[in-house]
Amino acid sequence: MTNKRPRFSFGLMILGFNFVLAFILNLSLGSVIIPFESIWKVISGQSTDSSAFYILVDYRLPKAFAALTVGGSLALSGLIMQTFFRNPLAGPFVLGISSGASLGVAVLFFGSSIFLGGVAFQNLSSLSIILASSAGSAVVFGIILTVALRLKDVMGLLIVGLMLGSFTAAIVTILSNFSSAEALQRYVFWTYGSLGNINPTELNYMIAFVALGSGGALWLSKSLNGLLMGESYAKSMGVAVKKNRTLLLVITSLLAGASTAFAGPIGFVGLAVPHLVRLLIPTGDHRILIPAVLMTGGTLLLLCDTLSQLPGFEGTLPINGVTSLIGAPILVSLILSKRKILM
Amino acid sequence: MFAVENLTTGYTAGKNTVKVTEEVSFQLPAGSILGIIGRNGSGKSTLLKTLALLLPKLKGELYVKGKSLSDYSVSERAQLLSVVTTSRNFSGILTGWDILRLGRHPHNGWYGKLSPTDKTILKEVIEKIGMENLVNQLINTLSDGQLQKILIGRALAQQTELILLDEPTNHLDLHHKAEVFRLLKTIALEQNKTLLFATHEINHALLLCTHLLLLHEGKAFFGTPKVLAQDPIMRQLFPQELVAFDTKSNQFKICF
């Protein structure tokens, strides 16, 4: 063969290196700067009683894990949707999946405040928030899939997605009109997204859900590769398209739902990270894309989280704002430099 | 052996059933080439997609090796029957190699890792379709003819007894048409595979195919090219004043 088949291990290594770097930076920077040496001492167990230990173990490590879990899962759900619809504009936000998650959470917050009163509202468990958010995502994604089966036109599908987003937002607005001020405040803060307030139990749930979703996606990576040629070809190659469609619905809803439950509706990561990764590692092989997208999504959110609380700032900026503020120019400049997107 | 019994194709739209072609029956021994011909809208693609199980059949049965196709599992079917459709709605990130390796999908494990045997098969396929120099290019940089060869190569890599192709020479220039038809003939002759393809290239079908299936007004007519070319149904399909049949060359000619 005259031209060599490209190998992507180098690209994966670069992404892995960036990921580790972003993780360490995230642990180190903040209102108190912790030197790398102290981080190493804490991680390796040499220091168990310093102030660095408490800051890292109680606050920064859980937050860093939350950032990489949320970033990775949103990016992966975007990748799955772009592959499934063979559409570069697909993503949890564009197709209304994030809005569905928001609706799920809004119904839970406002519904419990309206119908069950303040006590029930205060006692909502983290699992119920994840489940409400995932159920909201699943309902919207289910509608999108049903429409996609009837409607072959991609533009039509995107318009339906945007309409669903608008429709769910309208329900949230109407619900909020009847709910208590506390519930409304809690919902508004939730939409800003916060990684720092996630408690260990919530983090464990989120990691478990996202690990389950990512494992499922990896298990289906061969089928996802087949789907890049379209459903007819995939079916003729032995892909159980109907079964996998349902599985992918569940996985995407879990990924988008679990992360949105705690980080709020982050619009940018799911759409942009798969493009970013394909520009750096131009392959359609999901066995490479899935780990790459997980790492890059995590890296992006770790960096954004670091920037949202750089030394000198009082408090932290909303993570949702920072993500788009940083990520959008990166993606636009990459697209302009390569003069195309790959999808 | 591939056999079709009393097959009726069509669509179900809500409560309405639209029949396209009724009572299609034929048998093909291994190594046959069947050309499905007919006017635009006669139901060639619908029939081909139904035979490939991409559309549900309204009635009838399909048999491979004496066993009904519906009795085979999804992955078993993918090892018996491969398809080349007219759809080009692929992800632009795929290279020729990516598409070819998908041909091994029904044969390799859950993770899709290529075995040494898979790699040998793919290497042979790439040589057969003559794409050694272009196989690592993105498919949207390939010409229609080159992409078609990749798609046929993918079907070959799937190593099925039956290959179904929907208008394999559509949009191709004469050079690429010749290459594709020659490739199909070699596959049938050398590898004893059964090929079925829908086509508008009636003259090429008359030369290449061992059997023809003519679709006209919801009915199917099956026979060898020699017999079917003389059949009165051909006169209905091609009125004498528009397209004349030259018995010497066994070819149709447009009457200008």
Side-chain angles (χ1 to χ4, degrees), chain A residues 1-8 79 82-88 90 150 152-154 215-216 218-244 274-275 277-290 340-343, chain B residues 49 52-55 72-99 101-113 122-123 126-127 131-140 150-151 154-155 157-158 160 163-164 166:
Chain A
M1 246 160 270
T2 50
N3 51 353
K4 247 182 102 59
R5 198 158 299 137
R7 293 200 161 273
F8 303 110
L79 174 74
Q82 287 176 10
T83 297
F84 192 80
F85 294 113
R86 271 163 300 129
N87 182 348
R150 286 169 164 262
K152 295 291 170 201
D153 179 27
V154 168
L218 214 54
W219 179 55
L220 290 175
S221 55
K222 188 179 149 183
S223 300
L224 283 165
N225 288 348
L227 281 168
L228 285 176
M229 284 189 76
E231 285 194 17
S232 293
Y233 271 107
K235 200 175 165 190
S236 81
M237 291 183 286
V239 175
V241 173
K242 268 189 188 168
K243 188 183 89 186
N244 286 355
H275 289 299
V277 169
R278 280 189 293 253
L279 284 167
L280 299 170
I281 305 179
T283 178
D285 191 343
H286 286 76
R287 296 171 307 165
I288 299 168
L289 282 176
I290 290 172
K340 64 181 174 194
I341 56 157
L342 286 167
M343 174 60 221
Chain B
K49 282 179 189 158
L53 305 177
L54 297 176
L55 279 179
Y72 290 101
S73 71
V74 176
S75 73
E76 281 171 340
R77 279 182 218 158
Q79 295 181 30
L80 287 172
L81 191 149
S82 57
V83 187
V84 178
T85 71
T86 47
S87 161
R88 295 289 181 273
N89 188 14
F90 306 142
S91 161
I93 200 150
L94 294 171
T95 61
W97 167 258
D98 290 332
I99 288 192
R101 67 169 287 159
L102 283 174
R104 298 306 298 158
H105 196 289
H107 301 275
N108 53 29
W110 71 274
Y111 197 54
K113 191 173 163 39
L122 287 169
K123 194 167 173 272
I126 292 167
E127 277 170 22
M131 293 290 283
E132 292 93 330
N133 296 333
L134 298 166
V135 74
N136 292 322
Q137 284 194 17
L138 289 173
I139 50 165
N140 49 23
I150 290 283
L151 292 173
R154 193 207 57 79
Q158 206 168 322
T160 56
I163 303 180
L164 282 74
D166 196 4

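Chain naming here is simple, since letters A, B, ... match the order of the sequence lines and numbering starts at 1 in each.
T83(A) approaches L228(A) most closely through the heavy-atom pair CG2-CD2, 3.7 Å. Here the closest non-hydrogen pair linking R154(B) and S236(A) is NH2-OG, 4.3 Å.
Most heavy-atom pairs under 4.5 Å with chain A: of the set Q158(B), R88(B), R77(B), K49(B), this distinction falls to Q158(B). Of all the listed residues (T160(B), L151(B), L81(B)), the one sharing the greatest number of non-hydrogen pairs under 4.5 Å with chain A is L151(B). Counting heavy-atom pairs closer than 4.5 Å to chain A, the top-ranked of the candidates P106(B), S87(B), A155(B) is P106(B). Between chain A and the options N140(B), V74(B), T85(B), heavy-atom pairs under 4.5 Å are most frequent for T85(B). Listed options L220(A), T283(A), L227(A), V241(A) were ranked by heavy-atom pairs under 4.5 angstrom with chain B; first place goes to T283(A).
L138(B) touches chain A through its side chain: at least one heavy atom from C-beta onward sits under 4.5 Å away, while N, CA, C and O do not. Within the 4.5 angstrom heavy-atom criterion, no atom of I139(B) approaches chain A. At a 4.5 Å heavy-atom cutoff, S82(B) makes no contact with chain A through either its backbone or its side chain. Both the backbone and the side chain of N108(B) come within contact range of chain A, with heavy atoms under 4.5 Å apart. For S221(A), the part sitting under 4.5 Å from any heavy atom of chain B is the side chain, from C-beta outward, and nothing else. Contact annotation for L94(B): only side-chain heavy atoms (C-beta onward) come within less than 4.5 Å of a heavy atom of chain A.
Atom-to-atom distance recorded for N89(B):CG and E231(A):CD is 10.5 Å, nearest 0.5 angstrom. For the atom pair CG of D98(B) and CD1 of I93(B), the computed distance is 8.5 Å after rounding to the nearest 0.5 Å.
With hydrogens and angles disregarded, no donor-acceptor distance shorter than 3.5 Å links the side chain of H105(B) to the backbone of G238(A). Formation of a donor-acceptor pair under 3.5 Å by the S73(B) side chain with backbone atoms of E76(B) is found in this model.
In this structure L218(A) satisfies the side-chain contact (heavy atoms from CB on, under 4.5 Å) test together with I290(A), P291(A), sequence neighbours excluded. Residues passing the salt bridge (Lys or Arg N to Asp or Glu O under 4.0 Å) test with R104(B) are D118(B), sequence neighbours excluded.
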